[in-house]
Student: 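Below are the structure tokens for one structure; questions will follow.
In listed order, ligands and their atoms are each counted from 1. Here the structure is a predicted model, which is why all the values come from computation and not from measurement.
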Amino acid sequence: MARRSFVAGNWKMHKTVGEATAIARELRGLVSQLRDRVEIAIAPPFTALHAVAKALEDSNVAVAAQNCHAEVQGAFTGEVSAPMCAEAGCRYVILGHSERRQLFGETDVGVNSKVKAVLAAKLLPIICVGETLAEREAGKTLEIVSAQVRGCLNGFSAEQGKSFVLAYEPVWAIGTGKTATSKQAQEVHAHIRGLLTAQWGEGVAQAVRIQYGGSVKPENAQELLSQPDIDGALVGGASLKAADFAAIVKAAPGA
Ligand code: PGA
């Protein structure tokens, strides 16, 4: 059950090409000694993907896109496809982030199609799920997260699933400074692993990494990342500074 910790930084709509490459170079230096110990990725905006991938060539920091379209190409103004992300130097694509769901109308069915596109482009998905505050207060957390996980993963085989990464991000903890307690997060992570076991069996469920996201900072990372079913973090705000992000990476078990 030795899952390698995976810490990813989601930069959202922040950083110009110049700023992004500067942070990427700084980060590269700060985490170079962690090669083979912790998996690391950063997700800059589309405009900076290629330049950041170049700046990170032969390093132990991978590049992720924050979204992609389900089609390979076509008349989809403003969209970017999975093969385009692959060509720009990405290894991962974040899918179904709560901001995509809340602000851009993404659904589990839509995420499911995008996962197919990501796999077809030989990329790996980081699939985000999480409940809103109203859902948590109504006692519906596990029900909501179950529906999201089932919907996003529907139809994928164990062989495909073993390379997936999931991220549990309670919506009320994103960008709010309110972190889930390690106990709250662990409860949901264990539940998600149970869903993976039901779909793909114990072996695959034990291999899949489940990241926690929502106000992860250097100060709270170790406590969260030491939980048995928390296998890394998806970091927003604190990933915009190389030193803070590196400190979170170094708090991961195995670092
Ligand atoms: P945050 O964002 O760390 O700023 O809360 C996390 C995310 O949205 O992935």
Side-chain angles (χ1 to χ4, degrees), residues 5-15 19-20 23 27 38-46 48-49 52 61-68 85 90-106 111 114-115 118 124-133 135-136 141 144-145 148-149 152 164-182 184-185 188-189 192 209-225 227 230-252:
S5 301
F6 180 17
V7 180
N10 171 13
W11 291 3
K12 310 191 180 184
M13 198 171 73
H14 295 285
K15 306 301 177 191
E19 291 163 348
I23 301 173
L27 179 67
V38 182
E39 197 170 337
I40 308 164
I42 51 176
F46 285 124
L49 284 176
V52 166
V61 183
V63 177
Q66 300 172 15
N67 177 36
C68 71
C85 295
C90 290
R91 177 168 166 75
Y92 292 97
V93 184
I94 298 170
L95 295 174
H97 188 278
S98 66
E99 286 150 18
R100 300 292 320 165
R101 292 173 185 267
Q102 293 199 312
L103 306 172
F104 303 99
E106 290 213 7
V111 172
K114 292 181 177 196
V115 174
V118 162
L124 301 172
I126 300 174
I127 301 163
C128 304
V129 298
E131 82 288 0
T132 62
L133 184 59
E135 288 161 349
R136 176 161 283 268
T141 297
I144 293 293
V145 168
Q148 291 173 332
V149 170
C152 293
F164 288 15
V165 176
L166 274 78
Y168 168 58
E169 300 202 302
V171 177
W172 48 272
I174 295 179
T176 57
K178 278 189 213 156
T179 322
T181 63
S182 52
Q184 284 173 321
V188 180
H189 281 238
I192 293 173
R209 272 88 52 88
I210 309 173
Q211 299 173 324
Y212 169 79
S215 298
V216 177
K217 302 178 199 66
E219 305 81 62
N220 59 24
Q222 194 175 5
E223 162 76 13
L224 285 158
L225 293 174
Q227 299 303 307
I230 300 185
D231 310 312
L234 184 53
V235 185
S239 71
L240 295 170
K241 284 194 184 135
D244 286 354
F245 186 62
I248 294 170
V249 171
K250 287 175 186 172

Student: Rounded to the nearest 0.5 Å, how far apart are CD1 of I210 and CZ of F6?
Tutor: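 The distance works out to 14.0 Å.
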Student: So if I count the atoms of ligand 1 from 1 in the order they appear, which ones are less than 4.0 Å from some heavy atom of G175?
Tutor: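 By the 4.0 Å cutoff, the relevant atoms are 1 (P), 4 (O), 5 (O).
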Student: Test your reading of the structure: does T176 have an N or O sitting under 3.5 Å from an N or O of ligand 1?
Tutor: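 No: no nitrogen or oxygen of T176 is under 3.5 Å from one in ligand 1.
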Student: So, taking the atom named OG in S239 and the one named CD1 in I40, what distance separates them when rounded to the nearest 0.5 Å?
Tutor: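 Answer for the OG-CD1 pair, S239 versus I40, is 12.5 Å.
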Student: Working to the nearest 0.5 Å, report the span between OG1 of T141 and CD of E131.
Tutor: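 That separation rounds to 4.0 Å.
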Student: For atom 9 (O) of ligand 1, which of the options E169, K217, Q66 provides the nearest non-hydrogen atom?
Tutor: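 Looking at heavy atoms only, E169 sits closest to atom 9 (O) of ligand 1.
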Student: Rounded to the nearest 0.5 Å, what separates atom CG in L166 from atom CD in Q211?
Tutor: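 So the CG of L166 and the CD of Q211 are separated by 9.0 Å.
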Student: Could you tell me whether a side-chain N or O of Q148 sits under 3.5 Å from a main-chain N or O of G130, the two making a donor and an acceptor?
Tutor: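 It does hold such a pair.
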Student: Show me which atoms of ligand 1 lie under 4.0 Å from any heavy atom of N10.
Tutor: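 With N10 as reference, the close atoms of ligand 1 come out as 9 (O).
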Student: Which ligand 1 atoms are under 4.0 Å away from a heavy-atom of H97?
Tutor: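 In order of number, 7 (C), 8 (O), 9 (O).
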Student: Give the residue, atom name and distance (to 0.1 Å) of the protein heavy atom nearest atom 3 (O) of ligand 1.
Tutor: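 Answer for atom 3 (O) of ligand 1: G236 N, 2.8 Å.
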Student: Check ligand 1 against S215 and write out every atom of the ligand that is under 4.0 Å from a heavy-atom position of the residue.
Tutor: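 Listed by number with element: 1 (P), 3 (O), 5 (O).
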Student: Which of the numbered atoms in ligand 1 are under 4.0 angstrom from any heavy atom belonging to G214?
Tutor: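 Matching atoms, with element in brackets: 5 (O).
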Student: Using a 4.0 Å cut-off to any heavy atom of G237, which atoms of ligand 1 qualify?
Tutor: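 This gives 1 (P), 3 (O), 4 (O) as the contact atoms.
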Student: Will you find, in the side chains of Q66 and H97, an N or O donor that is under 3.5 Å from an N or O acceptor?
Tutor: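 Distance-only check fails for Q66 and H97.
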Student: Is it true that K12 lies under 4.0 Å from ligand 1, counting heavy atoms only?
Tutor: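 Per 4.0 Å heavy-atom rule, K12 contacts ligand 1.
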Student: Only heavy atoms of A173, strictly under 4.0 Å: list the atoms of ligand 1 that pass.
Tutor: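 Answer for ligand 1: 5 (O).
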Student: To the nearest 0.5 angstrom, please state how far the SG atom of C68 sits from the CZ atom of F46.
Tutor: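 Output value for this atom pair is 7.0 Å.
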Student: For the NZ atom of K217 and the CG atom of D244, what is their distance to the nearest 0.5 Å?
Tutor: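 The distance works out to 10.5 Å.
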